[in-house]
Amino acid sequence: MQELDVVCEQIECAQHPEDIFGVESNKVLVKNIFRQLSKVVHPDRNNGDARANNAFVKLTEYYEGAIKKLTNGTYGDTLSEEQTNVSDSDSFTIQTRKNTYTITKTLAEGDLGVVYGGQIIGSVDDNSYKDLIAVKVVDDSADNDLMQNEIKILQLFKNNPANQLKHLPVLLDRFKTSDGQLGTIMKYIDGYDLYSIREGLRWKYGIDQKHVVWMMNRTLSAIGYAHSQGCVHGNIDPSHIMIRPRDHNAWIIDWCYGALNPAQTGDGFKVLNEEFSAPEVAQKKPPLPASDLYSIGKTMIFALGGDVKTNAMPASVDAALQRFLKFFVLESPRQRAQDAWEMHAMLNDLVVELWGPKKFLEFQI
Ligand SMILES: Nc1ncnc2c1ncn2[C@@H]1O[C@H](COP(=O)(O)OP(=O)(O)O)[C@@H](O)[C@H]1O
Ligand SMILES: [Mg+2]
């Protein structure tokens, strides 16, 4: 994508000044970001291009809004009008401008907070999953910026439809608790993350390679799309890949740590994942698409029952597949696999080479 497209898109997707200037910001930072972005969309530079003009007008409004909010102390507060009481129990109601949601159970404990399960009130229960929701609320409002980051990225995906959206979380709504914690409402994913699958008895020693390859195929496709939108996930691990056995769908979730157009914006890594992060994360280098590929390699080695520290894999894993995965986990980002879609195509070829034309194998957990 051209720089102009990237910047226009960022501005068009924004709903608040914070979406452009970051939740944690100050006047100097806001001014610098404004200066950089306005250079790209300035009418003088773009021969009156309508999209650039509109972006420039919107950017100027957000800039003025940001300065005003920084002056009156409300900067960072994007949702104060929608507040919900989230009790310690796992059944409560959330009211937003858009809808009412009931929460009925706890689905999982994430790194930032609890993920609850529930339903949109008023939806007809026709035994489909379409109206079921997953609600993520941060434990500590200090992490609101990470949640805001996920909202920004999921909105970007929503605004750029592609086949791969079926592998990505769908954001429906958001809210703020009376204690100021940010929450998101997403479509419920009726799948299991890779940790839970490996925790079960069936795949205790590793998932069969003929299943891991389709999981990796979906993952590479989804990540290729995210990369095409300028987004590096930044924290791929087994808890962030969800699998639905019945149709072999897979989702890449938890975009809280994503970096958007890092080369242009300076957006960096936000978390170090001990076993799954590429070496450049600890070295505080800029996020690269190849950093996600490293984490995908490690995650698939884990899925196969391998050792993520040494990259050793069970002997039952075909040597060619082992070689392919080792290309993902090379320490040097320049030497390792670079392009998710290219790797997706290579994996397809490898699978056909190893096992002949593809066929659907039932996956049970
Ligand atoms: N949309 C969803 N539907 C069903 N379960 C989900 C959904 N999103 C997350 N989960 C579950 O919650 C866990 C934590 O989610 P995650 O987005 O990683 O939260 P955190 O940012 O707190 O780590 C996931 O590993 C998964 O098991
Ligand atoms: Mg997580």
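Note that these values count all heavy atoms, side chains included, but never hydrogens, waters or copies made by symmetry. Every number for a ligand or one of its atoms is a count from 1 in the order of the listing.
Of all atoms in ligand 1, listed by their number and element, those nearer than 4.0 Å to a heavy atom of Lys136 are 16 (P), 17 (O), 19 (O), 20 (P), 21 (O). Within ligand 1, the atoms closer than 4.0 Å to a non-hydrogen atom of Gly113 are 22 (O), numbered from 1 in the order shown.
Taking the six-membered ring for Trp and thresholds of 30 and 60 degrees, Tyr63 and Phe34 have nearly parallel ring planes, at less than 30 degrees apart.
Inter-residue side-chain proximity for Phe175 and Tyr101 is flagged as unmet; no heavy-atom pair is nearer than 4.5 Å.
Atom 4 (C) of ligand 1 has its closest protein heavy atom at Ile189 O, 3.4 Å. Closest protein heavy atom to atom 18 (O) of ligand 1: Asp254 OD2, 2.9 Å. Of the protein's non-hydrogen atoms, Ala134 CB, 3.9 Å is the one closest to atom 7 (C) of ligand 1.
Restricting Asp254 to its N, O or S atoms, the one at the least distance from the Mg ion (ligand 2) is OD2.
Counting heavy atoms closer than 4.0 Å to ligand 1, residue Asp111 contributes atoms from both its backbone and its side chain. Under 4.0 angstrom from ligand 1, the non-hydrogen atoms of Met242 all belong to its side chain.
At a threshold of 2.8 Å, the Mg ion (ligand 2) has no backbone or side-chain N, O or S atom of Asp111 nearer than that distance. Not a single N, O or S atom of Cys256, from either the backbone or the side chain, sits less than 2.8 Å from the Mg ion (ligand 2).
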Next on the checklist: Quick one, Ile223 with Ile236, criterion side chain to side chain contact (heavy atoms under 4.5 Å, CB included). Give me CA distance, side-chain angles, the key distance, then yes/no.
Outcome noted: CA-CA 10 Å; Ile223 281 299; Ile236 295 175; 3.6 Å; yes
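For the pair Tyr188 and ligand 1, the shortest N or O to N or O distance does not fall below 3.5 Å. Considering backbone and side-chain N/O of Met186, none are found under 3.5 Å from N/O of ligand 1. Taking any N or O of Tyr257, backbone or side chain, none lies under 3.5 Å from an N or O belonging to ligand 1.
For the pair Pro169 and ligand 1, no heavy-atom separation below 4.0 Å is found. Contact between Lys187 and ligand 1 is present, with at least one heavy atom of the residue lying under 4.0 Å from the ligand. Every heavy atom of Met147 sits 4.0 Å or more from the atoms of ligand 1.
Checking Ile253, Leu171, Val115 against atom 24 (C) of ligand 1, the nearest heavy atom belongs to Ile253.
By the rule that hydrophobic residues join a cluster once side-chain heavy atoms approach within less than 4.5 Å of another member, Met216 and Trp251 end up as members of separate clusters.
No donor-acceptor contact under 3.5 angstrom links the side chains of His240 and Asp193, judged on distance only. Between the side chains of Lys176 and Asn144, no donor N or O sits under 3.5 Å from an acceptor N or O. Side-chain atoms of Asp19 and Gln10 include no donor-acceptor pair closer than 3.5 Å. A donor-acceptor pair shorter than 3.5 Å cannot be found between the side chains of Asp267 and Asn261. Ser295 and Asp292 share no donor-acceptor pair across their side chains, judged by distance under 3.5 Å alone.
In summary, the aromatic rings of Phe56 and His42 are positioned with their centroids under 6.0 Å apart.
Using a 4.0 Å cut-off between a side-chain N of Lys or Arg and a carboxylate O of Asp or Glu, Lys298 and Asp237 do not qualify as a salt bridge.
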